[in-house]
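Here the structure comes first, spelled out in structure tokens, and everything after it is commentary.
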Amino acid sequence: MERRLARVSGPIALLIIACLIGCVVNPVTGKKEFNIISESMEIEMGRSTDVSIREEYGIYDDPALNGYVEALGKRMAPITHRPQLPYHFSVLDTPVENAFAAPGGYIYVTRGMLAIMEDEAALAAIIGHEMGHVNARHTARAMSRQLLLIGGVLVASALSEDIQKIAPFAIVGLQVLFLKYSRDDEYQADSLGVQYARKIGYAPGQVIPLFTTFLRMEKNSQGPSLPNFLSTHPLTDRRIEEINKMLEPGDAGLRVARPEYIKRIDGLVFGDNPRQGYVEAGAFYHPDLQFALKIPQGWKYQNSPKQFIMASDDEKAAVFLSAEATTKDLGVYLQEQLTAFKESQVKEVSRSPLQINGLNALRGLYDVRPKPVEGQAETTETPMSVDIHCIRKGSQVFTFLCAAGEADFTKYTGAIESAIRSFQPLTDPAKLNRKPLRISMQAARGAEVFRAALKRLNAPEKQWKNLEMLNGLSLDKAIGADRAIKIVR
């Protein structure tokens with residue numbers, strides 16, 4: 001028999017949630033605290049978040065580098081306050097400088113973060129910092145607040161016997177990337193990072209030059225699409241002062257491992273990877289999937305391994321482009337795309353086959369309206385018009401899912417159709433063979449200053465400011481004869 005759950009909201013929902021909250025002991029402080037999320041829920045939430053992160057941003061395609069980061073993290077796990085957690089460590093394929101943790105022991109470092117580090121000791125301190133957030137349950141506590149905001153859903157999940165246990169986690173999803181920690185949380189994670197790095201033999205003070213570089217970078221920030229370390233881990237001079245106080249006399253003699261580290265990042269992709277798609281002169285090119293399309297003039301865009309998104313300047317219309325390898329009939333595949341609107345009423349307005357630059361395609365136009373909820377007043381959500389184009393290109397089907405409010409849709413039809421009809425196979429060798437920039441480690445000569453080394457190595461002057469940040473050096477600082485420097489080529 002089908003069982004229906006009433007929606008619970010407002011003070012009653014919060015009261016029920018309060019009854020469900022358990023009193024748990026924080027593993028780091030030993031103090032009791034209220035937390036919605038049990039350890040088993042925390043691990044399950046981490047698994048769900050990990051799937052979303054991998055789909056959205058991708059893991060850097062270098063098993064050796066991922067294994068290197070994982071091996072360091074696994075060495076640290078047994079000496080933490082929660083050694084029983086199933087820790088996972090991954091390098092994300094994004095140029096934005098960040099490191100973060102999902103509940104349950106999922107730790108991520110971006111390739112952008114690895115690029116600006118100088119040694120293994122700094123990496124150990126950063127991994128230790130993120131493990132500190134997990135061990136002190138900062139991520140679980142922060143995500144508990146997110147779940148409290150969706151109390152009705154959480155209550156329904158808790159009271160139902162057969163609802164999927166993952167339901168509330170899916171709602172939180174990638175919000176782990178945007179969690180901002182409190183000042184006290186950061187101090188505590190810094191302290192734990194120092195402790196954990198020291199316990200496995202690394203000089204924890206090596207994180208200070210890295211943090212100093214971050215503060216310099218703040219002045220040159222250009223607003224990355226993925227939050228960077230500064231936005232998710234607020235950094236101040238005070239934090240650096242506090243870390244200095246945590247250091248012990250023997251720390252300076254511990255392992256730094258710079259030669260070992262720079263060997264690992266030699267050849268690391270730097271900046272945007274054009275193999276995953278790039279924008280140039282108002283068009284989007286994807287060398288690996290071998291297609292190109294024009295972006296409507298004035299529209300915003302965002303690229304990720306999972307999809308390419310275009311949005312009108314007023315953000316009232318959006319186009320989501322994705323690709324999937326499939327042999328399914330286009331009609332079947334188009335119908336499957338409607339599952340994205342399974343919580344809505346969908347009415348097909350039209351369906352028609354067409355050709356787009358020699359490629360077979362199928363277009364469907366739909367009215368999408370919110371489903372009425374029994375016992376509630378009529379919803380005020382705006383009905384949408386949804387235009388879906390599925391285009392077959394070889395073994396791939398490319399799907400354009402276009403949506404706007406019903407009243408506004410016709411205003412954007414021209415721009416949307418023009419973009420879709422510009423979709424075509426990419427055959428230009430100059431576009432297909434575009435290679436990413438990579439870090440190249442180069443030895444210094446004698447005691448030359450950084451500026452002289454950059455000139456000798458023919459580094460373009462427009463790169464100099466970025467190379468200062470990348471190396472943690474100023475242009476007129478002597479490098480040191482035994483130090484290799486990072487050049488981008």
Side-chain angles (χ1 to χ4, degrees), residues 225 272 274-326 330-331 333-338 340-341 346-368 382-432 434:
S225 57
D272 292 325
R275 306 307 306 173
Q276 298 173 350
Y278 62 96
V279 173
E280 185 175 270
F284 179 66
Y285 301 96
H286 202 300
D288 283 357
L289 295 179
Q290 300 183 5
F291 75 86
L293 64 91
K294 293 180 181 178
I295 300 170
Q297 188 172 5
W299 280 44
K300 305 172 184 177
Y301 56 85
Q302 183 179 35
N303 186 35
S304 75
K306 186 178 181 181
Q307 62 188 351
F308 183 65
I309 304 172
M310 299 180 287
S312 58
D313 189 50
D314 58 9
E315 298 184 356
K316 290 184 177 181
V319 177
F320 301 85
L321 171 60
S322 59
E324 183 179 1
T326 179
L330 283 181
Y333 193 79
L334 175 62
Q335 191 65 33
E336 289 179 351
Q337 305 314 299
L338 298 178
F341 306 101
V346 179
K347 177 184 177 183
E348 184 172 280
V349 176
S350 64
R351 178 183 292 211
S352 54
L354 63 158
Q355 287 267 314
I356 295 178
N357 293 314
L359 302 172
N360 291 327
L362 185 63
R363 177 191 186 186
L365 188 61
Y366 305 90
D367 283 337
V368 179
T382 305
M384 289 193 303
S385 290
V386 174
D387 186 345
I388 302 177
H389 283 70
C390 293
I391 306 172
R392 177 166 294 284
K393 177 181 171 294
S395 63
Q396 303 270 343
V397 171
F398 291 81
T399 301
F400 286 86
L401 194 157
C402 320
E406 186 180 60
D408 297 318
F409 189 76
T410 55
K411 183 167 62 174
Y412 306 101
T413 300
I416 290 172
E417 291 190 358
S418 177
I420 294 173
R421 278 158 180 69
S422 73
F423 181 90
Q424 59 185 312
L426 181 60
T427 57
D428 182 350
K431 299 289 193 298
L432 284 170
R434 187 70 58 90

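Values below: all heavy atoms of this structure, side chains included; hydrogens, waters and symmetry mates excluded. We count residues from 1, following the sequence as given.
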How about [X] and [Y]: do any of their side-chain heavy atoms sit closer than 4.5 Å?
{"X": "Cys402", "Y": "Ile420", "result": "yes"}
{"X": "Leu334", "Y": "Arg351", "result": "yes"}
{"X": "Asp314", "Y": "Lys411", "result": "yes"}
{"X": "Thr399", "Y": "Glu324", "result": "no"}
{"X": "Leu293", "Y": "Leu321", "result": "yes"}

Check your understanding: side-chain contact (heavy atoms from CB on, under 4.5 Å) between Phe398 and Ile356: does it pass, once the steps are laid out?
Key -> CA-CA 12 Å; Phe398 291 81; Ile356 295 178; over 6 Å; no
Practice item. Sequence neighbours left out, what pairs pass side chain to side chain donor-acceptor pair (under 3.5 Å) with at least one residue falling in residues 417-430? Key: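 Listed by first then second residue: Arg363-Glu417.
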Review point. Listed by chain and number, what are the side chain to side chain donor-acceptor pair (under 3.5 Å) partners of Gln307, not counting sequence neighbours?
Key: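 Per chain and number, Gln307 pairs via side chain to side chain donor-acceptor pair (under 3.5 Å) with no residue.
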Point to revise | Sequence-distant partners of Ser385, side chain to side chain donor-acceptor pair (under 3.5 Å), two or more places apart | key: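 Once residues adjacent in sequence are excluded, Ser385 has no partner under the side chain to side chain donor-acceptor pair (under 3.5 Å) criterion.
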Practice item. Please identify each residue that fulfils side-chain contact (heavy atoms from CB on, under 4.5 Å) with Glu336, with sequence neighbours left out. Key: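 Glu336 satisfies side-chain contact (heavy atoms from CB on, under 4.5 Å) with Lys328, Val332, Tyr333 only.
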Check your understanding: Sequence neighbours excluded, which residues qualify as side-chain contact (heavy atoms from CB on, under 4.5 Å) partners of Leu359?
Key ->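 In terms of side-chain contact (heavy atoms from CB on, under 4.5 Å), with neighbours along the sequence ignored, Leu359 is linked to Ile391, Lys393, Phe423, Pro425.
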Review point. Parallel, tilted or perpendicular for Phe284 and Phe291, by the 30°/60° rule?
Key: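 Ring orientation of Phe284 relative to Phe291: tilted.
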Taking all heavy atoms of [X] and all of [Y], pick out the closest pair and write down the distance.
{"X": "Asp313", "Y": "Gly298", "answer": "CB-O, 3.6 Å"}
{"X": "Pro287", "Y": "Lys431", "answer": "CG-O, 3.5 Å"}
{"X": "Val386", "Y": "Ala403", "answer": "CG2-CB, 4.2 Å"}
{"X": "Ala323", "Y": "Leu289", "answer": "CB-CD1, 4.1 Å"}
{"X": "Gly331", "Y": "Leu362", "answer": "CA-CD2, 3.5 Å"}

Rounded distance [0.5 Å steps], [atom1] in [X] versus [atom2] in [Y]:
{"X": "Ser350", "Y": "Asp387", "atom1": "OG", "atom2": "CG", "result": "8.0 Å"}
{"X": "Phe320", "Y": "Met310", "atom1": "CZ", "atom2": "CE", "result": "10.5 Å"}
{"X": "Phe409", "Y": "Asp367", "atom1": "CZ", "atom2": "CG", "result": "10.0 Å"}
{"X": "Arg434", "Y": "Glu280", "atom1": "CZ", "atom2": "CD", "result": "4.5 Å"}
{"X": "Ile309", "Y": "Tyr301", "atom1": "CD1", "atom2": "OH", "result": "13.5 Å"}
{"X": "Ile388", "Y": "Leu401", "atom1": "CD1", "atom2": "CG", "result": "4.5 Å"}

Check your understanding: So, Asp288 versus His286: side-chain donor-acceptor pair below 3.5 Å or not?
Key ->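 No, no side-chain donor-acceptor contact under 3.5 Å.
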Practice item. Could you name each residue pair satisfying salt bridge (Lys or Arg N to Asp or Glu O under 4.0 Å) that touches residues 294-303, not counting sequence neighbours? Key: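 Non-adjacent pairs meeting salt bridge (Lys or Arg N to Asp or Glu O under 4.0 Å): Lys300-Glu315.
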Review point. Does atom CD of Gln297 have more than 12 heavy-atom neighbours from other groups under 6.0 Å away?
Key: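 Count not over threshold, so no.
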**Study point:** Main-chain N/O of Tyr278 paired to Asp272 side chain as donor or acceptor, under 3.5 Å
**Key:**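 Not at all, since once roles are kept as given, no pair shorter than 3.5 Å links the two residues.
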Check your understanding: Yes or no on side-chain contact (heavy atoms from CB on, under 4.5 Å) for Ile295 and Phe308, after CA distance, side-chain angles and deciding distance?
Key -> CA-CA 11 Å; Ile295 300 170; Phe308 183 65; 4.0 Å; yes
**Study point:** Identified side chain to side chain contact (heavy atoms under 4.5 Å, CB included) counterpart of Leu330 within the set Arg392, Gln335, His389
**Key:**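 In the set Arg392, Gln335, His389, the residue that makes a side chain to side chain contact (heavy atoms under 4.5 Å, CB included) with Leu330 is Arg392.
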